[in-house]
Amino acid sequence: MLSGAATSITVVLIVFFLFIEGAGVFNRKPIDDGYLLVVNATNKVKTLQPSQVKDVFDKKITNWNQLGGENRPIVLFRTSDITEYYTEEELGANFEHFPEKINELIQKQPGIIAFFSDKYKSDKFSGKELDIDKVKVWEFLSGEEWFPTAQPIAQMGVKPLIYGTLWVSFGAILLALPIGLAAAIYLSEIAQKRTRSLLKPLIELLAGIPSVVYGFFGLVVIVPLIQEMFHLPVGETGLAGSVVLAIMALPTIITISEDAMRNTPRAMKEASLALGASKWQTIYKVVMPYSASGITAGAILGIGRAIGETMAVLMVTGNAAVIPNTLLAPVRTIPATIAAELGEAPNGGLHYEALFALGCILFLITFGINMLVELVTNRKAHKKQ
């Protein structure tokens, strides 16, 4: 009882911490702490969407009338641009006049939009700070660009990461399920006892191989093979990730499916054979329907293994945060993104909390898969009763 209570409390606390950290991203603006986005005081524009700011600094939007302001060209300014307007003598030997000159420039340029640190904000500042909307849940989930370190505005669209995770995972299960099911049928119904006792431990041994070893195997063998077979510029694709994950998911699928098939009552199989059915007909008509819940559970748990895998996927998928249109394109998954970026994200910063939000999404996906396994298993148990 104590062990179960301690484990349950630990799991709840971990999940609570994960969601508390992840929810913090939706209480913040997608601009680095200590930085300002400023326009001339006469500018009619008061607030901008993060996507609008990005388009402005990417020069896709070049006039304020496209943002509801006056017909005036947009002038971009970053801190490094100050030398284009003032000499070093004007800025001072130690840049002591830097805040004053930025303030002066903002007053002179009615079409300016300036991005700079608040430590350069003059005491007599006369510009107008733009109000940037906070990160919204729907925009976070539906955004198509993941660039959390972009300046001046971070791009927090996780749609490519979710798509990449699902593409690679379901590609893996499509490859692993037929092979795993065939191997389970062979081990449970066809193989001799000696053969089974030899092969089953070898298959289960696959689950103990570190994922980085699978990643090296995929990088050295599978990636060049895919590149040559499909004449691609690079072999690091979603298909390479699917193949590696399919190999990693096979022990789970084979073991659970084989156990479910071996639990088929002997009387049912003998009755089928006594009625004239062949061995293959018995497997197809009796064994597989009876063990369908176990096979389904194995497949779903295999998907769960594929969705949560990190290192092997990080090594072979190309890590391109774009929405994939095919498995032959580079992709990036949620676990790979967390593993690659968490070490570089400042503790407590926007990027840090966004990665925890990704962890929340991954938790909900895997939790849903586990609940689906429970539902399928319990339904079969009720039918047997």
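In this text the structure is predicted, and so the values were computed from the model without any measurement.
- The line from CD of Glu139 to CD of Gln155 is 10.0 Å long, rounded to the nearest 0.5 Å.
- For the 3.5 Å distance criterion, the side chains of Asn65 and Glu70 fail to qualify, holding no donor opposite an acceptor.
- With sequence neighbours excluded, no residue satisfies side chain to side chain donor-acceptor pair (under 3.5 Å) with Thr264.
- A 4.5 Å side-chain heavy-atom check between Ile283 and Met261 finds every atom pair outside the cut-off.
- Evaluation of the side chain to side chain donor-acceptor pair (under 3.5 Å) rule for Thr310 yields no partner, not counting sequence neighbours.
- In this structure Val15 satisfies the side-chain contact (heavy atoms from CB on, under 4.5 Å) test together with Val11, Phe19, Phe363, sequence neighbours excluded.
- Ring centers of Phe77 and Phe115: at least 6.0 Å apart, outside the cut-off.
- Under the 3.5 Å distance criterion, the side-chain polar atoms of Glu204 are left unmatched by any main-chain donor or acceptor of Pro201.
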Check the pair Lys101 / Glu90 against salt bridge (Lys or Arg N to Asp or Glu O under 4.0 Å), numbers first and verdict last. CA-CA 8 Å; Lys101 294 304 180 183; Glu90 291 176 312; 5.0 Å; no
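- A donor-acceptor pair shorter than 3.5 Å can be found between the side chains of Thr282 and Ser272.
- The distance between the ring centers of Phe26 and Phe140 falls below 6.0 angstrom.
- Residues Asn43 and Pro110 are not in side-chain contact: their nearest non-hydrogen atoms beyond the backbone lie 4.5 Å or more apart.
- Using a 3.5 Å distance cut-off with no hydrogens or angles, the side chains of Ser126 and Asn103 do pair a donor with an acceptor.
- For the pair Glu236/Pro330, no side-chain contact is recorded, criterion being any heavy-atom separation below 4.5 Å from C-beta on.
- With hydrogens and angles disregarded, a donor-acceptor distance shorter than 3.5 Å links the side chain of Ser278 to the backbone of Gln281.
- Ile222 places a side-chain heavy atom less than 4.5 Å from the side chain of Ile247.
- A 4.5 Å side-chain heavy-atom check between Leu273 and Leu275 finds every atom pair outside the cut-off.
- Using modelled atom types, no side-chain atom of Gln227 and backbone atom of Pro224 make a donor-acceptor pair closer than 3.5 Å.
- Ile102 is not listed as a side-chain neighbour of Tyr85, based on a closest heavy-atom distance of 4.5 Å or more.
- Using modelled atom types, one side-chain atom of Asn319 and one backbone atom of Leu314 make a donor-acceptor pair closer than 3.5 Å.
- With values rounded to the nearest 0.5 angstrom, Ile334 atom CD1 is found 10.0 Å from Thr366 atom OG1.
- Side-chain atoms of Asn40 come within 3.5 Å of backbone atoms of Thr42 as a donor-acceptor pair (strictly under, hydrogens ignored).
- The shortest side-chain heavy-atom distance between Leu181 and Ile253 does not fall under the 4.5 Å cut-off.
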Show, in sequence, the C-alpha distance, side-chain angles and deciding distance for Arg262 and Glu189, and conclude whether the salt bridge (Lys or Arg N to Asp or Glu O under 4.0 Å) test is met. CA-CA 8 Å; Arg262 287 179 64 82; Glu189 302 298 326; over 6 Å; no
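- Looking only at side-chain heavy atoms (C-beta outward), Ile256 and Leu301 come within less than 4.5 Å of each other.
- Asn63 places a side-chain N or O within donor-acceptor distance of the main-chain N or O of Arg72, the cut-off being under 3.5 Å.
- For the atom pair OG1 (Thr79) and CZ (Phe116), the distance works out to 7.5 Å, reported to the nearest 0.5 Å.
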Check the pair Glu129 / Lys121 against salt bridge (Lys or Arg N to Asp or Glu O under 4.0 Å), numbers first and verdict last. CA-CA 11 Å; Glu129 293 184 32; Lys121 185 178 180 180; 2.7 Å; yes
Run the numbers on Glu341 and Arg332 for salt bridge (Lys or Arg N to Asp or Glu O under 4.0 Å), then give the verdict. CA-CA 12 Å; Glu341 299 181 7; Arg332 175 181 281 193; 2.6 Å; yes
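- Shortest non-hydrogen contact noted between Pro148 and Ala154 is O-CB, 3.3 Å.
- Using a cutoff of 4.0 Å between basic side-chain nitrogens and carboxylate oxygens, Glu84 and Arg78 are not scored as salt-bridged.
- Salt-bridge annotation for Glu145 and Lys159: absent, with no side-chain N of the basic residue lying under 4.0 Å from a carboxylate O of the acidic one.
- The distance from atom OH of Tyr214 to atom CG of Leu245, rounded to the nearest 0.5 Å, is 11.0 Å.
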